[in-house]
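Notes to accompany the following structure.
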Amino acid sequence: MISLKSSFLLLHKRIGQARYMFDEIPHGGDLLSLNSLLSLHVRRNDPHSAWDLFHKRHHEHSNFDSYTFTPILKACAALSDIKRGQQVHGLVIKTGIDSETITKTAILDMYSKCGYFYDSLLVFEEMKLKDIVTWNAMISSFLRQGLAKEALGYFLEMQREGIEFNGFTLCSVLKACAFLSSSMQGKQIHALVIVIGYNSIVFETALVDFYSDSGLIGEAVKVFWNLNCSKDDAIYNSLISGCVKNRKYKEAFSILSEMKKPNVIALTSVLVACSENSNLLKGKQIHCMAILFGFDSDTQLSNAILDMYAKCGDILNARSVFDRIAHRNVVSWTSIIDAYGTQGLGDEALELFEKMEENCSVSPNDVTFLSVLSACGHSGLVEKGRKCFVLMKEKYGIDPGPEHYACYIDLLGRASLIEEVWSLYDGISKNSSKLTGAVWAALLNACRVSLDVVRGEFAAKRLFELEPEKPGNYVLLSNFYAAIGREDRKEELRILMRQKGLIKEAGSSWITV
DNA sequence: GTAGGGTTAG
C-alpha cells in the first residue's frame, strides 16, 4: 500500500500535494518514498525543503541508504553549507556505505562546491574505484579553485589511467584553456569535437565562452550562428555577455533583440554595456524592460541597474533603485556607496556605510572598503579614511591588499601627509607582493603633491621597472616633472613615449549626449 | 554523483 502511494507521489510532480500526502503516511513513509521526494526537491532547486525533510527523518532515527545521501549531499552543495555537508559525510561513514563510488563522488563534489577544495582532493585521493564522473568532478574542483594547470594535468592523468573522457570533461578542459590563455589547445578541442561529431548545446555554450574569454569574439559569434540545434537562453546569454566583455556593445544589443523573450541574465549583461559607454538612454530602456517583464525583484539585476545609473552620473535614479531593492546584498551596498563616492559626495557615502554596518545581515567586503576609502579620498575626509582603514582590519578581519594600500596612500597623498605615506610604505615594504604598480603609482602621485623630489624619483624608478609599457604611468611621471619644475625631463619623456609608440590618440568619448 | 549564461573596485 505504502509503495503504491510512493509511486503515486513520483507520478504526481506537485510538491505541495506530495508533501502533504507524505506527512499523512504512518511512520513518515518508507525509504523509497523519502528518497524520491528528496530527489524531487533537489531537482526542483529547493534544497531547503530537501534538508528540512532529511533533518526531520534523521531525528526520527530513520535508516538511510546511498539514494538518500546523494540528493542530500547535492542539497548541501547547493546551499554551500559545509556544516551540514560534514554532518552528512559523518553519517555516511557511520552508516558504513561509504565504499560506493557514487556516494563518494557526491561527497567530493559537495566539499568542492562549499569551497573546501583540499577536502575534495582528499576524498578523491582516498577513493579506490574512480569512474569518469569522479574524474570530471575532481577536474571541476581544480577549476573552481583556479588551478587550471592542475585541471589539465588530471585530464591527461585520467587518460593515462584508461578512463575515457566525455562532453563534461571537454567543457572543463575548454574552461581551463581559456583560463590559461591557451587558445591553440582550445581550438584543438573544438576541432576534435567536430571530428567525433559530438553535438551538445552545453558544449557549444562552453565554446562560446571559451572564444569570448580568449578575446576571439568573432569565433564565438560563428559558433553561435552555425549551431544546428535550437538555441536556449544560456547560449544567448553567453554570447551577449561575451560581446560586452569584448566591448562589442552594438552586437550585444542586437543579439538581445534576437531573443523572443529576454531574461534576467541577458538584461544584467547588457546593462554593463550601458554603464561602460554611459548610454543612459539605452540603460533606461533596459530598466523599463526589467519592470515590464517583472524582473525588478531580482537583486543582481537591480544592482546592475543601480550601477548603470551611477556610471551615467544619474545619482538620484541610482538611489531610488537602491531604495527599492528588497533584499540588498553586499554588492547593492557597495555600488551605492561607490556611486556617492565617485560623485564627490563623501559624507553621503559614509552615511550609507554606517547604515550598512547597522544592518547586521550584510557585512562589508574588501571591495566595499575600497569604495569607502576612495570616497574618503575624493572628498578629502582624511580622519574618516584612517578610521575605515583600521576598522577593516580590526572589526572585519580583512587584510588590506595592494589596492587598499594604493587607495589609502592616495588619500593621504592628496592631503599632503607625505611622512605618513612613507611610514605606511615602511610597514609594507618587507612584503614585496604588496608593492604593485598601483602602489608605486600612488606613492609617485603623493610625491608630486608634496614636491618630494628624491623619493618621487625613487618611486618612479620602481614603477617603471614593474610596468614599463603602461601609458598612464608616463602621464603620471610627466605630471610629477611638471610639478617639480623639470620641463626638460618632461620633454624627454614625451620623446621616449613617441619612440615606444605610447602616445595616446586625441581624447575621444563614447558618451552619448 | 560530474559540464554552459548575470551584479560591486582597479
Side-chain angles (χ1 to χ4, degrees), chain A residues 39 42 66-67 69-74 77 100-110 112-113 123 130-141 143 165-175 200-210 212 231-242 244-245 263-272 275 295 298-308 310-311 325 329-339 341-342 364-375 401-404 406-407 410 436-439 441-442 472:
Chain A
S39 304
V42 173
S66 61
Y67 292 96
F69 292 128
T70 41
I72 202 63
L73 283 163
K74 209 172 176 176
E100 291 174 48
T101 304
I102 293 177
T103 311
K104 283 198 166 175
T105 303
I107 293 170
L108 184 170
D109 190 58
M110 178 276 294
S112 171
K113 286 180 176 158
V123 173
K130 305 177 181 94
D131 65 7
I132 181 167
V133 182
T134 317
W135 281 92
N136 287 343
M138 193 61 229
I139 291 171
S140 295
S141 186
L143 282 172
F165 58 79
N166 63 12
F168 284 63
T169 328
L170 294 180
C171 285
S172 297
V173 171
L174 273 183
K175 208 173 217 176
S200 135
I201 184 79
V202 179
F203 180 78
E204 298 293 324
T205 310
L207 264 179
V208 170
D209 278 334
F210 159 73
S212 301
K231 302 177 181 75
D232 63 6
D233 270 8
I235 199 156
Y236 269 101
N237 296 342
S238 175
L239 187 64
I240 291 172
S241 148
V244 176
K245 278 184 216 151
N263 62 71
V264 225
I265 296 176
L267 294 186
T268 309
S269 292
V270 102
L271 275 163
V272 176
S275 308
F295 297 150
D298 185 284
T299 300
Q300 225 168 313
L301 176 60
S302 299
N303 292 344
I305 297 171
L306 186 174
D307 191 58
M308 177 276 297
K311 294 272 162 62
I325 303 176
N329 63 17
V330 63
V331 179
S332 323
W333 284 98
T334 304
S335 304
I336 192 69
I337 290 170
D338 194 67
T342 42
N365 65 13
D366 52 337
V367 185
T368 316
F369 278 103
L370 261 181
S371 295
V372 174
L373 286 171
S374 131
E403 319 82 35
H404 297 97
C407 203
D410 194 62
T436 58
V439 170

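Residue numbers begin at 1 in each chain, while the letters A, B, ... track the order of the sequences.
- Nucleic acid contact for A/Lys113: sugar-phosphate only, since backbone atoms but no base atoms lie under 4.0 Å from a heavy atom of the residue.
- Take A/Phe369 and apply the ring-ring contact (aromatic ring centres under 6.0 Å, His included) test, not counting sequence neighbours, and it matches A/Phe353, A/Tyr396.
- The separation between A/Lys74 atom NZ and B/dG1 atom P is 5 Å, rounded to whole Å.
- For the pair A/Ile107 CD1 and B/dG1 P, the computed distance is 13 Å after rounding to whole Å.
- Taking only distance into account, the side chain of A/Asp232 meets the base of B/dG4 through a donor-acceptor pair shorter than 3.5 Å.
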Along nucleotides 5-10 of chain B, 5' to 3', which nucleotides get a B, which get an S, and which get a -, given that the test is a protein heavy-atom distance under 4.0 Å?
BBBBB-

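- Remark: A/Ile201 pairs with A/Thr205, A/Leu227, A/Cys229, A/Asp232, A/Ile235 by the side chain to side chain contact (heavy atoms under 4.5 Å, CB included) rule, at least two apart or across chains.
- Look at CH2 on A/Trp135: it is 21 Å from P on B/dG1, rounded to the nearest Å.
- For A/Lys130, no side-chain nitrogen or oxygen approaches OP1 or OP2 of B/dT2 to under 4.0 Å.
- In terms of the side chain to side chain contact (heavy atoms under 4.5 Å, CB included) criterion, residue partners of A/Asp366 (sequence neighbours excluded) are, by chain and number, A/Ile398, A/His404.
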Start with the C-alpha gap between A/Thr169 and A/Asn166, add the side-chain angles, then the distance that decides, and say whether side chain to side chain donor-acceptor pair (under 3.5 Å) holds.
CA-CA 5 Å; A/Thr169 328; A/Asn166 63 12; 3.0 Å; yes

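- Between the CG atom of A/Asn136 and the P atom of B/dG1 there is a distance of 14 Å, rounded to whole Å.
- No engagement by A/Ile305 is indicated, since no non-hydrogen atom pair under 4.0 Å with the nucleic acid exists.
- Listed by chain and residue number, A/Ile240, A/Ser241 satisfy the side chain to side chain contact (heavy atoms under 4.5 Å, CB included) test with A/Ser269 (two or more places apart in sequence, or in another chain).
- Here A/Val42 pairs with A/Ala50, A/Pro71, A/Lys74, A/Ala75 under the side chain to side chain contact (heavy atoms under 4.5 Å, CB included) rule; sequence neighbours left out.
- Residue-level contact check: A/Ser66 touches neither bases nor backbone, having no heavy atom under 4.0 Å from any strand.
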